[in-house]
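In this text, all values refer to a predicted model and were calculated from it rather than measured experimentally. Residue numbers count from 1 along this sequence.
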Amino acid sequence: MSWEIHYTDDAKADLRSLDGSQRKNVIKAVAKVSRNPLPANESGYGKPLGNKHGNDLTGLCKIKLVKDGIRVVYALVRTETAMKIVVIAARSDDEVYETATQRTKQSR
């Protein structure tokens, strides 16, 4: 059983900004991870994030699309069985983590 996938409005815009092949790869990777998005330490596919260069991302996980140079940061909504996509961005200079920090602060 897959978890529901919810994209924040900002993440939807991130997804639209990708070229067609990148968008397809991101959607495919998110769908795969949604089958078990729990952190790896709970036997899931998620790669837990913690403190990344001063950005406190505790409780968030990432999906790395190495070939495309993209990271997807998501939060699990454990009261439902949903994962909320927070940011989709290039991997350069930890910008994705800074953006995730800003966006999660806004939603708290």
Side-chain angles (χ1 to χ4, degrees):
M1 181 182 129
S2 292
W3 287 43
E4 289 181 36
I5 302 167
H6 301 279
Y7 290 83
T8 63
D9 290 339
D10 289 327
K12 287 178 188 176
D14 295 340
L15 189 60
R16 283 191 299 269
S17 73
L18 299 175
D19 71 39
S21 64
Q22 289 176 320
R23 188 177 313 115
K24 182 179 174 183
N25 291 340
V26 166
I27 291 169
K28 187 176 174 181
V30 168
K32 176 185 175 187
V33 170
S34 75
R35 285 185 248 143
N36 189 358
L38 296 171
N41 62 355
E42 295 180 42
S43 301
Y45 293 127
K47 307 284 189 263
L49 295 169
N51 193 340
K52 288 281 189 186
H53 307 284
N55 295 301
D56 184 12
L57 301 171
T58 304
L60 300 177
C61 293
K62 69 179 174 184
I63 303 168
K64 286 173 40 175
L65 287 85
V66 176
K67 186 175 162 186
D68 292 306
I70 294 173
R71 287 190 177 126
V72 176
V73 176
Y74 66 93
L76 294 177
V77 182
R78 292 182 185 248
T79 56
E80 304 168 13
T81 46
M83 55 189 282
K84 180 174 23 171
I85 308 299
V86 178
V87 63
I88 303 166
R91 297 172 50 213
S92 62
D93 299 328
D94 295 319
E95 182 180 335
V96 67
Y97 300 131
E98 293 168 13
T99 303
T101 300
Q102 292 168 354
R103 291 181 183 176
T104 55
K105 282 181 183 176
Q106 292 171 358
S107 66
R108 288 183 187 168

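A salt bridge (charged side-chain N to carboxylate O under 4.0 Å, His left out) check over residues 39-51, counting only residues at least two apart or in different chains, returns the pairs Glu42-Arg78.
Under the 4.5 Å side-chain heavy-atom criterion for ILVMFWY residues, a single connected hydrophobic cluster contains both Ile27 and Ile88.
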Atom pairs and distances, side-chain donor-acceptor, residues 59-70, under 3.5 Å, sequence neighbours left out:
residue, atom, partner, partner atom, Å
Lys62, NZ, Tyr97, OH, 3.4
Asp68, OD1, Asn25, ND2, 3.4
Asp68, OD2, Asn25, ND2, 2.9

### Task
Test Tyr74 against Val30 for side-chain contact (heavy atoms from CB on, under 4.5 Å), laying out the working first.
CA-CA 10 Å; Tyr74 66 93; Val30 168; over 6 Å; no
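Atom NZ in Lys28 sits 9.0 Å away from atom NZ in Lys32 (nearest 0.5 Å). The distance from atom CD of Glu4 to atom NZ of Lys84, rounded to the nearest 0.5 Å, is 13.0 Å.
Partners of Asn55 by side-chain hydrogen bond (donor to acceptor under 3.5 Å, both in side chains), not counting sequence neighbours, listed by chain and number: Thr101. Checked against salt bridge (charged side-chain N to carboxylate O under 4.0 Å, His left out), Asp14 has the following partners two or more places apart in sequence or in another chain: Arg103. In terms of the side-chain hydrogen bond (donor to acceptor under 3.5 Å, both in side chains) criterion, Thr99 has no residue partners (sequence neighbours excluded). Residues satisfying the side-chain hydrogen bond (donor to acceptor under 3.5 Å, both in side chains) test with Asp19, not counting sequence neighbours, are Ser21.
Counting only distance, with no hydrogens or angles, the side chain of Arg71 and the backbone of Ala89 share no donor-acceptor pair below 3.5 Å. Without hydrogens or angle criteria, Tyr7 side chain to Leu15 main chain gives no donor-acceptor distance under 3.5 Å.
Smallest separation of non-hydrogen atoms from Gly46 and Pro48: O-CD, 3.4 Å. Here the closest non-hydrogen pair linking Ile5 and Ala31 is CD1-CA, 4.3 Å. Nearest approach of Ala82 to His6, heavy atoms of both residues: CB-CD2, 3.4 Å.
The side-chain contact (heavy atoms from CB on, under 4.5 Å) test with Val86 is passed by exactly one of Thr104, Leu57, Asp10, Val96: Thr104.
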